[in-house]
Amino acid sequence: MTYCVGIEVNEGLVFAADTRTSASFDDVRVYRKMHVFEWPGDRVFVIMSAGNLATTQLTISRLQRDADDPNAARSLRTFSHLYEVAEYVGDTLVASQVKMNDEAQQSGVNVQSTLILGGQIAGERPGLYMVYPLGNCIATSPETPYLQIGESKYGKPILDRIIRPETSLEDAARCALVSLDSTIRSNLSVGMPVDMALLRNGDLKISQKMRLEADTPLYSEIHDTWSRKLEAAVHSLPRFPWEPQRETEPSSGPLPVMPPRRAPSRQDPGDAQGQQ
């Protein structure tokens with residue numbers, strides 16, 4: 001399984017994805033699910049994937065092949081509008097699924113994949129699309145300025161409560177990390193490390209990009225701070241009628257000790273083969 005989230009705010013776009021894939025209970029590997037296509041000053045795209053890994057890799061390879069071909073009739077470099085790019089990526093995804101389905105017909109393997117596409121073309125503002133297995137797509141809206149694929153339910157509450165178009169890009173990035181952290185804590189099929197990228201409106205290139213391991217100081221601090229303050233917030237909620245009422249608010253003492261975190265997943269030695 002996997003979990004990827006894309007957030008659109010007025011300042012730009014945030015992308016975050018885990019890297020765990022599993023073919024069975026004892027076959028857990030690390031593969032990059034975030035792919036960047038960048039032509040600084042002209043356009044930049046980020047694609048995140050959930051679903052069949054072979055289909056995803058075939059789709060990304062075809063997109064890269066077309067982008068590298070100056071004579072290609074359709075490629076990430078030939079369109080003037082982001083929605084046209086989303087339609088093209090959808091067509092490429094469908095063609096890849098058809099090819100993979102022909103090869104996997106007898107095995108009963110599900111070859112479908114779902115993508116999140118985001119980016120910016122010079123002259124337009126950034127945008128974010130979800131591309132479904134059928135090739136159709138939807139965009140974010142002011143009411144729902146984020147998109148999720150994969151194991152999305154655990155990381156949704158923080159996004160619903162915090163994310164608005166006026167949210168700052170850095171606060172949106174922190175929400176994305178908390179959303180990933182909540183999912184990793186509740187679901188073993190989603191795991192570290194986490195890839196994150198920020199695209200600031202007008203930069204026309206990836207503004208910030210990082211990979212966070214479980215022991216990365218920034219991730220550890222966000223994880224611990226969120227867990228401790230969330231528990232402290234529960235303790236500070238109004239009392240039930242049958243409980244003794246607090247006469248005064250408790251003084252700000254040390255935060256409660258949190259249970260140990262799950263050990264970080266081991267890096268797969270074959271990771272280089274999955275790094276597009």
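Residue numbers start at 1 and run along the sequence shown. Owing to the predicted nature of the structure, the values given are computational and were not obtained by experimental measurement. Values reported hereafter were calculated over all heavy atoms of this structure, with side chains retained and with hydrogens, waters and symmetry mates removed.
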Subject >> From CD (Gln148) to CE (Met130), nearest 0.5 Å >> reply: 7.5 Å
[X] to [Y] - nearest heavy-atom pair and separation:
X      : Y      : value
Thr114 : Tyr132 : CG2-CA, 4.4 Å
Gln97  : Pro133 : NE2-O, 2.7 Å
Ala67  : Trp39  : CB-CZ2, 3.8 Å
Ala72  : Thr78  : O-CG2, 4.0 Å
Leu147 : Ile116 : O-CD1, 3.5 Å

Original post:
Within a strict 4.5 Å, meaning less than it, do heavy atoms of the Tyr219 and Met192 side chains meet?
Top reply: yes
Subject >> Gln208 atom CD: more than 12 heavy-atom contacts under 6.0 Å >> reply: no
Original post:
Is the backbone of Leu82 close enough, under 3.5 Å, to the side chain of Glu124 for a donor and an acceptor to pair up by distance?
Top reply: yes
Original post:
Can you tell me if Ser236 uses its side chain to pair, donor with acceptor, with the backbone of Ala233 under 3.5 Å?
Top reply: yes
Subject >> Of Asn52, Thr55, Thr56, the residue whose pairing with Ser113 passes side-chain hydrogen bond (donor to acceptor under 3.5 Å, both in side chains) >> reply: Thr56
Original post:
Do you know which of Asp91, Thr59, Asn101 makes side-chain hydrogen bond (donor to acceptor under 3.5 Å, both in side chains) with Ser96?
Top reply: Thr59
**OP:** Would you please test Asn10 and Glu166 for side-chain hydrogen bond (donor to acceptor under 3.5 Å, both in side chains) and show each step?
**Re:** CA-CA 6 Å; Asn10 293 337; Glu166 59 271 16; 5.0 Å; no
Considering only NZ, NE, NH1 and NH2 on the basic side and carboxylate oxygens on the acidic side, decide whether [X] and [Y] come within less than 4.0 Å.
X      : Y      : value
Asp66  : Arg77  : no
Lys229 : Glu231 : no
Arg32  : Asp195 : yes
Arg125 : Glu8   : yes
Arg200 : Glu170 : yes
Lys156 : Asp160 : yes

Original post:
Between Phe79 and Tyr88, what is the ring plane arrangement, given parallel below 30°, perpendicular above 60°, and tilted in between?
Top reply: tilted
Original post:
Yes or no on side-chain hydrogen bond (donor to acceptor under 3.5 Å, both in side chains) for Asp203 and Ser207, after CA distance, side-chain angles and deciding distance?
Top reply: CA-CA 7 Å; Asp203 278 3; Ser207 308; 2.6 Å; yes
Original post:
Would you say Leu169 and Met210 are hydrophobically clustered, going by side-chain heavy atoms of ILVMFWY under 4.5 Å?
Top reply: yes
